[in-house]
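Read the structure below first, then the notes.
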2 protein chains.
Amino acid sequence: MSDSFALEAVDVALSPMERFEEYLKSKGKRITQPRRILIEHVFSHHEHFDADALIDELSHQSKGSDRVSRPTVYRTLNELVESGLLRKMEIGGRAVYEHDYGYPDHDHLYCTQCQNLIEFQSAELKELRDQVARLHQFRATGHRFIINGVCDECQKKSRRKKRRIDLI
Amino acid sequence: MSDSFALEAVDVALSPMERFEEYLKSKGKRITQPRRILIEHVFSHHEHFDADALIDELSHQSKGSDRVSRPTVYRTLNELVESGLLRKMEIGGRAVYEHDYGYPDHDHLYCTQCQNLIEFQSAELKELRDQVARLHQFRATGHRFIINGVCDECQKKSRRKKRRIDLI
DNA sequence: CTACTTGCAAACTCTTTGCACACCA
DNA sequence: TGGTGTGCAAAGAGTTTGCAAGTAG
């Protein structure tokens, strides 16, 4: 899954690993090898991903040293979300994760053809959100805004295909 | 699940049942008893609901005359979405449906405490959406905007509870 | 040492599908 | 009558859980 890399990373004092260790300590949890492997892996790429991809990469590989089991992948993903390192969203019935820590707030364009998520930022949206919330005496803690449609790439592909058909 | 009823229904020429019959005919599908029961039931209340609620109400009841089986509930829900009568959204991993036909476009505030969906309309949001899409050469076909947080009701409840604890 | 973690297998939830019978047009 | 639709049971996808063995602190 390739993404748009238009957004700049935010400067953060601690690395994701360090931040996760803080979180674990604060909860009386332990810094274990599987947790280390998983977070290392997750923060080495900057993409949207789902649990299945992670399981393919970490669990299905036969070499034993840096293998992480399916349940541990799920358990750790939940911890990463709870600790604020990852953001989780549901698209088409499955959970999709992305970096949250060290990454600016943003929303997404979702191409229903190629399934790509394109990120964008909008200050106006945040204002609009708070304005709506205020109007309803609602204490907003977050939001999810996804614009569905067809990305530039896929539109071009469709046009090319259509032209080919027209020639017949 | 009780909702806010702030939104006015839009005038439509055909009843949902009639509209669905049109759709079925156009697809060479048949107007059957289970489909009639389901749509009648769905459009008699004006609430957000999930497949499970419908199955409880239509499938688990033992009396045989207006019973609809689980698979037929799912099959018909998909047809209702495809025909434009219902809108489907995913919240917390499960599908939630609401009336689309004869109901204005809107978005939602989602209370993470009581799970209620509160509807709101915003023309600005639509403009914002189209503006963002244009900027990315994206052909927008729809969007989903959900503001998460705590509704007025639940904030009041929390405050009452907090006060009781403070008194101890 | 002791409580927290892991991996395995199995359970669970939600949704879809194969198939024989039923039914609408 | 012929093709659709239905209900049943069972399969699937995605995720969680119980438990015995392993390991961090």
Side-chain angles (χ1 to χ4, degrees), chain A residues 17 20-39 41 48-83 86 88-97 115, chain B residues 17 20-39 41 48-83 86 88-97 115:
Chain A
M17 188 66 234
F20 193 44
E21 291 185 5
E22 293 279 281
Y23 166 81
L24 291 173
K25 275 179 206 159
S26 78
K27 294 275 180 179
K29 294 182 168 186
R30 290 170 186 180
I31 300 152
T32 61
Q33 199 55 15
R35 295 214 247 244
R36 245 193 293 264
I37 292 163
L38 211 136
I39 194 172
H41 186 89
H48 299 95
F49 61 93
D50 56 16
D52 235 33
L54 233 46
I55 290 163
D56 274 354
E57 291 155 18
L58 296 177
S59 190
H60 286 167
Q61 62 186 201
S62 43
K63 43 177 178 163
S65 62
D66 49 357
R67 217 185 77 90
V68 180
S69 72
R70 171 189 305 274
T72 298
V73 167
Y74 277 107
R75 284 188 279 237
T76 309
L77 279 174
N78 288 338
E79 290 166 343
L80 287 171
V81 169
E82 198 172 323
S83 71
L86 290 183
K88 178 183 186 173
M89 49 193 150
E90 325 257 351
I91 293 177
R94 78 197 201 290
V96 175
Y97 299 85
Q115 251 100 298
Chain B
M17 189 66 234
F20 193 43
E21 292 186 6
E22 293 278 284
Y23 167 81
L24 291 173
K25 274 180 207 159
S26 79
K27 292 276 180 180
K29 293 183 169 187
R30 291 170 185 177
I31 300 151
T32 62
Q33 200 54 16
R35 296 214 246 245
R36 246 192 293 264
I37 293 163
L38 211 136
I39 195 174
H41 186 89
H48 299 95
F49 62 91
D50 55 16
D52 234 34
L54 233 46
I55 290 163
D56 274 352
E57 291 156 17
L58 295 177
S59 189
H60 287 169
Q61 63 185 202
S62 43
K63 44 176 177 163
S65 62
D66 50 355
R67 218 185 77 90
V68 181
S69 72
R70 172 188 303 275
T72 298
V73 168
Y74 277 107
R75 284 189 278 237
T76 309
L77 280 174
N78 289 339
E79 291 166 343
L80 288 171
V81 169
E82 198 173 322
S83 71
L86 291 182
K88 178 183 186 172
M89 50 193 149
E90 325 256 351
I91 292 177
R94 80 194 199 291
V96 175
Y97 299 85
Q115 251 101 296

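Here is the naming used below: chain letters follow the sequence lines, and residue numbers restart at 1 for every chain.
Taking atom CD of residue B:Glu79 and atom P of nucleotide D:dT4, one finds them 13 Å apart after rounding to whole Å. Distance NE2 (B:His60) to P (C:dC14): 11 Å, rounded to an integer number of Å. Rounded to whole Å, the distance from CD on A:Glu21 to P on D:dA24 is 13 Å. Between the CG atom of B:Leu54 and the P atom of C:dT15 there is a distance of 12 Å, given to the nearest Å.
Interatomic distance, CG of B:Asn78 versus OH of B:Tyr74, reported as 10.0 Å (0.5 Å rounding). A:Glu57 CD to A:Asp66 CG: the interatomic distance, rounded to the nearest 0.5 Å, is 12.0 Å. Atom CZ of residue B:Arg94 and atom CD of residue A:Glu90 lie 10.5 Å apart, to the nearest 0.5 angstrom.
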(Q) Within the 4.0 Å limit for protein heavy atoms, which parts of nucleotides 13-18 of chain D are touched? Write it as a string from 5' to 3', B for base, S for sugar-phosphate only, - for none. (A) -SBBBB

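Of all heavy-atom pairs between B:Leu38 and B:Thr72, the closest is CD1-O, 4.4 Å. Scanning all heavy atoms of the two residues, the minimum distance from A:Val96 to A:Ile91 falls at CG2-CB, 4.3 Å. For the residue pair B:Leu86 and B:Leu77, the shortest heavy atom distance occurs at CD1-CD2, 3.7 Å. Between B:Ala95 and B:Asp50 the shortest heavy-atom distance is O-CB, 3.2 Å.
Across residues 28-37 of chain B, B:Lys29, B:Arg30, B:Thr32, B:Pro34, B:Arg35 each have a non-hydrogen atom less than 4.0 Å from an atom of DNA chain D (numbered order).
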**Q.** Residue pair B:Glu79, B:Arg35: steps toward the salt bridge (Lys or Arg N to Asp or Glu O under 4.0 Å) verdict
**A.** CA-CA 10 Å; B:Glu79 291 166 343; B:Arg35 296 214 246 245; 2.7 Å; yes

